[in-house]
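Inspection log for the structure reproduced underneath, given as structure tokens.
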Amino acid sequence: MENWIDIGSVDELSSTSLKRVTVVNREFAVSYKDGTFGVLSNTCNHAGGPLGKGRLDGEYPAGWRIYCLPLA
């Protein structure tokens with residue numbers, strides 16, 4: 001597991017449904033729903049907005065606009 005990077009504890013990351021984390025100068029949006037985590041780029045493909053500062057819209061992250069990407 002020497003190539004793994006610790007991004008936070010399960011308790012910390014599951015405390016909210018969507019959170020922004022920075023790992024080695026790159027930003028990611030970490031989602032948590034129904035006991036499952038998802039991680040994707042923090043940048044919305046549509047408007048460039050920060051997904052980690054948005055909300056989960058059903059099973060999808062929504063940033064500045066309602067533009068959604070599947071978590072899986």
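Atom set for the values below is all heavy atoms of this structure, side chains included, hydrogens, waters and symmetry mates excluded.
Distance check, rounded to the nearest 0.5 Å: CG of Leu51 to OG of Ser31 gives 10.0 Å.
Between the side chain of Asn42 and the backbone N or O of Pro50 there is no donor-acceptor pair closer than 3.5 Å.
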Do Leu40 and Phe28 pass the side chain to side chain contact (heavy atoms under 4.5 Å, CB included) test, and can you show the C-alpha distance, the side-chain angles, and the key distance before you say yes or no?
CA-CA 6 Å; Leu40 67 156; Phe28 295 91; over 6 Å; no
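Residues Tyr32 and Leu13 share a closest heavy-atom pair of CB-O, 4.1 Å. Closest of all the heavy-atom pairs between Ala29 and Leu18 is CB-CD1, 4.2 Å.
By the side-chain contact (heavy atoms from CB on, under 4.5 Å) test, Val10 is found to be paired with Ser14, Phe37, residues two or more places apart in sequence or in another chain being considered.
The salt bridge (charged side-chain N to carboxylate O under 4.0 Å, His left out) analysis of residues 13-28, with sequence neighbours excluded, yields the pairs Arg20-Glu27.
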